[in-house]
Amino acid sequence: HVQLVESGGGSVQAGGSLRLSCTVSRYAYNNYCLGWFRQTPGKEREGIGTSDYDGSLRYVDSLRGRFTISRDNAKNVLVLEMSSLRPEDTGIYYCAAARLARSMAAYCHPGADFTYWGQGTQVTVS
């Protein structure tokens with residue numbers, strides 16, 4: 001059973017930083033493609049970036065530089081660190097997992113078939 005639980009959301013002033021965590025069930029953490037997504041008001045859910053089995057990272061170009069994904073392997077946690085936050089970053093942030101074979105690691109990107117999702121965590125920037 002794949003579980004993803006986000007935490008760390010909250011309210012922050014523009015220009016500030018926030019760190020989100022996603023605790024992932026162990027098997028998924030070690031074997032699935034993991035990613036961060038968000039849904040901002042009035043827009044469709046969009047990808048932020050992904051981390052594959054060996055920790056390789058891919059980001060969408062529009063968010064590269066302000067958003068950083070990392071892994072805490074000791075805790076099975078996928079981390080999203082956000083800086084220079086803007087009001088338009090307000091939204092619900094989700095982590096997700098895609099069941100891709102290790103040989104398919106090159107396909108671990110925000111456009112992959114993510115079938116497992118967390119409940120989301122609210123981020124508000126004012």
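Residues: numbered from 1 along the sequence shown.
Of the possible polar contacts, none joining the T121 side chain to the E6 backbone as a donor-acceptor pair under 3.5 Å is found. Here the side chain of T40 pairs no donor or acceptor atom with the backbone of T90 at under 3.5 angstrom. In terms of modelled atom types and a separation under 3.5 Å, the side chain of R71 and the main chain of Y29 share a donor-acceptor contact. Proximity of a side-chain donor or acceptor of N31 to a complementary backbone N or O of A28 within less than 3.5 Å is not detected. A donor-acceptor contact shorter than 3.5 Å links the side chain of T50 to the backbone of C108. Looking at R58, its side chain never comes within 3.5 Å of a backbone N or O of H109 through a donor-acceptor pair.
Side-chain contact between L18 and V125: absent, with no pair of heavy atoms (C-beta onward) separated by less than 4.5 Å. Residues I69 and Y59 are in side-chain contact: their nearest non-hydrogen atoms beyond the backbone lie under 4.5 Å apart. Counting only heavy atoms from C-beta outward, the side chains of C22 and L20 never approach each other to under 4.5 Å. Here the side chains of F114 and C33 are in contact, with some heavy-atom distance below 4.5 Å.
Remark: L63 CG to T68 OG1 distance equals 11.0 Å, nearest 0.5 Å. Residue L4 holds its CG atom at 9.0 Å from CG of L78, rounded to the nearest 0.5 Å. If you take OH on Y94 and CD on E46, they are separated by 12.5 Å, rounding to the nearest 0.5 Å. In this structure, OH on Y116 lies 12.5 Å from CG on L34, to the nearest 0.5 angstrom. Remark: L80 CG to S51 OG distance equals 11.5 Å, nearest 0.5 Å. Within the model, atoms CZ of R66 and CZ of R86 stand 4.0 Å from one another, a figure rounded to the nearest 0.5 Å.
Remark: V5 pairs with Q119 by the side-chain contact (heavy atoms from CB on, under 4.5 Å) rule, at least two apart or across chains. When the side chain to side chain donor-acceptor pair (under 3.5 Å) test is applied to D61, the partners found at least two apart in sequence or on another chain are R64.
Scanning both residues, A97 and Y32, for their nearest heavy atoms gives CB-CD2, 3.9 Å. Closest non-hydrogen pair, G9 versus V123, comes out as CA-CG2, 4.3 Å. The nearest pair of heavy atoms linking S84 to S17 is N-OG, 4.5 Å. Smallest separation of non-hydrogen atoms from P110 and G47: CB-CA, 4.0 Å.
Put simply, L57 and V60 are part of the same group of oily side chains (I, L, V, M, F, W, Y) that touch within less than 4.5 Å, one to the next.
Applying the 6.0 Å contact sphere to OH of Y107 captures no more than 12 heavy atoms from other residues, nucleotides or ligands.
A distance of 6.0 Å or more separates the ring centres of W36 and F67.
Exactly one residue among R38, Q39, Q122 makes a side-chain contact (heavy atoms from CB on, under 4.5 Å) with Y93. That residue is R38.
Between R99 and D113 there is no salt bridge, since no side-chain nitrogen of the basic residue lies less than 4.0 Å from a carboxylate oxygen of the acidic one.
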*Given D89 and M82, is the side-chain contact (heavy atoms from CB on, under 4.5 Å) satisfied, shown in steps?*
CA-CA 10 Å; D89 293 318; M82 305 181 291; over 6 Å; no

